[in-house]
Amino acid sequence: MQSVLQRFRLLLEFEGGAFRGWQRQGEANIRTVQGVLLSAAAEIFGTNDIDLQGNGRTDAGVHALEYVAHLEVATTMLADEITPAFNRLLPKDIAILEVQPADSRFHARHHCVGRSYLYQIAEGQMAFMRRYAWSLEDGLDFSLMRQAADIFLGMHDFLAFAEKQEQKKSPKVLVEALQVARVGQMILVRVVASHFLWHLVRR
């Protein structure tokens with residue numbers, strides 16, 4: 001059977017502690033999520049002529065749940081064959097959750113309707129969550145955090161939060177939600193926005 005150019009929607013997750021973010025970089029020794037996926041895809045499909053794009057870049061160390069990417073490659077494989085093929089080759093810190101056929105016009109980044117970050121802050125030391133939470137010895141004023149969150153809602157100019165190389169673009173970002181919640185010893189901060197400027201959420 002002759003290979004046909006196909007596009008697929010990938011749903012995946014990754015533990016980002018050992019990655020320098022999503023985006024593949026020029027140096028071969030820099031480990032990125034996109035780079036590892038492309039290496040696995042080349043082995044699965046027997047070609048380097050592969051287009052693999054994610055819904056957005058992530059910084060080094062950032063973990064991802066329900067991250068969407070698209071894959072375009074000439075193949076005879078079906079979507080339900082691609083998921084196990086990837087997971088047999090990928091390291092344990094990346095997992096393909098689902099592969100679906102996609103329209104040739106589908107683009108993971110351009111068609112993304114929203115992105116969110118979740119920050120987990122531990123009030124005191126925690127053993128089990130130490131890799132996934134920022135531990136603080138001093139307490140935080142939870143009520144003030146809740147009040148401050150409302151200031152950021154809506155469309156705002158975040159020029160003051162932008163890196164210099166970002167200032168050539170529009171610094172306007174639509175923040176759709178900024179939720180602050182306390183769960184046990186943890187304070188959870190979740191930001192949902194149209195997109196994010198580089199380092200915007202951290203600042």
Side-chain angles (χ1 to χ4, degrees), residues 8-42 50-72 83 86-87 89-100 102 106-122 129-135 152 156 158-159 161-180 186-203:
F8 301 94
R9 177 187 181 273
L10 275 58
L11 183 67
L12 61 137
E13 64 183 28
F14 54 87
E15 203 275 1
F19 292 103
R20 290 279 294 276
W22 162 266
Q23 189 80 12
R24 181 174 62 170
Q25 300 181 31
E27 296 88 343
N29 62 334
I30 295 180
R31 188 171 187 256
T32 67
V33 179
Q34 187 184 38
V36 170
L37 286 168
L38 283 168
S39 294
I50 298 164
D51 181 32
L52 177 69
Q53 304 291 331
N55 65 42
R57 298 182 181 186
T58 62
D59 291 334
V62 173
H63 315 303
L65 298 170
E66 297 189 351
Y67 184 95
V68 174
H70 75 255
L71 166 73
E72 186 171 87
T83 303
F86 263 113
N87 287 330
L89 294 173
L90 289 171
K92 298 302 182 184
D93 44 10
I94 306 178
I96 302 295
L97 306 177
E98 182 182 76
V99 177
Q100 293 182 333
F106 171 72
H107 194 288
R109 181 165 60 88
H110 299 322
H111 292 129
C112 182
V113 296
R115 299 167 176 88
S116 70
Y117 273 88
L118 174 66
Y119 277 79
Q120 302 185 138
I121 304 168
M129 292 294 292
R130 69 188 187 281
R131 294 181 61 190
Y132 306 104
W134 180 26
S135 295
F152 293 94
H156 295 286
F158 285 97
L159 182 65
F161 292 80
E163 291 283 348
K164 288 183 179 179
Q165 54 265 50
E166 294 267 10
Q167 292 178 4
K168 295 179 182 179
K169 307 175 186 177
S170 171
K172 292 186 177 180
V173 174
L174 174 62
V175 177
E176 298 166 4
L178 206 169
Q179 302 160 325
V180 181
M186 304 271 282
I187 292 178
L188 306 181
V189 181
R190 183 170 183 260
V191 186
V192 183
S194 56
H195 64 289
F196 294 101
L197 305 176
W198 192 18
H199 294 160
L200 166 62
V201 179
R202 292 184 183 188
R203 289 174 173 167

Just wondering, are more than 12 heavy atoms of other shown residues or ligands nearer than 6.0 Å to [atom1] in [X]?
X	atom1	result
L65	CG	no
E66	CD	no
R115	CZ	yes
R9	CZ	yes

Minimal non-hydrogen separation, [X] against [Y], with atom names:
X	Y	value
A40	L90	CB-CD2, 3.9 Å
A193	V175	CB-CA, 4.1 Å
H156	F152	CD2-O, 3.1 Å
Y67	G54	OH-CA, 3.3 Å
H195	K172	CE1-O, 3.2 Å
S194	E176	N-OE2, 4.2 Å

Counting C-beta onward and ignoring hydrogens, is there a side-chain heavy-atom pair between [X] and [Y] closer than 4.5 Å?
X	Y	value
L200	V191	no
F106	V68	yes
L10	H70	no
D93	R31	yes
R202	D59	yes
L11	I96	no
V192	Y117	no
V201	Y119	yes

Counting distance only, does the side-chain N/O of Q34 pair as donor-acceptor with the main-chain N or O of L52 below 3.5 Å?
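Yes; at least one donor-acceptor contact below 3.5 Å.
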Any side-chain to backbone donor/acceptor pair from T32 onto R20? Under 3.5 Å, distance only.
no
What residues, two or more places apart in sequence or in another chain, satisfy side chain to side chain donor-acceptor pair (under 3.5 Å) together with [X]?
X	answer
R109	none
E15	R131, Y132
R203	E163

For the atom pair [atom1] ([X]) and [atom2] ([Y]), what is the distance rounded to the nearest 0.5 Å?
X	Y	atom1	atom2	answer
I30	F19	CD1	CZ	13.5 Å
I121	L188	CD1	CG	8.5 Å
I50	S39	CD1	OG	9.0 Å
M186	Q120	CE	CD	4.0 Å

Please evaluate residues R130 and S135 with respect to the criterion side chain to side chain contact (heavy atoms under 4.5 Å, CB included), reporting the C-alpha separation (whole Å), side-chain torsions for both, the decisive distance (0.1 Å), and the verdict.
CA-CA 7 Å; R130 69 188 187 281; S135 295; 5.7 Å; no
Just one of L12, L71, I94 clears the side-chain contact (heavy atoms from CB on, under 4.5 Å) bar with F86, so which one?
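Answer after filtering L12, L71, I94: L71.
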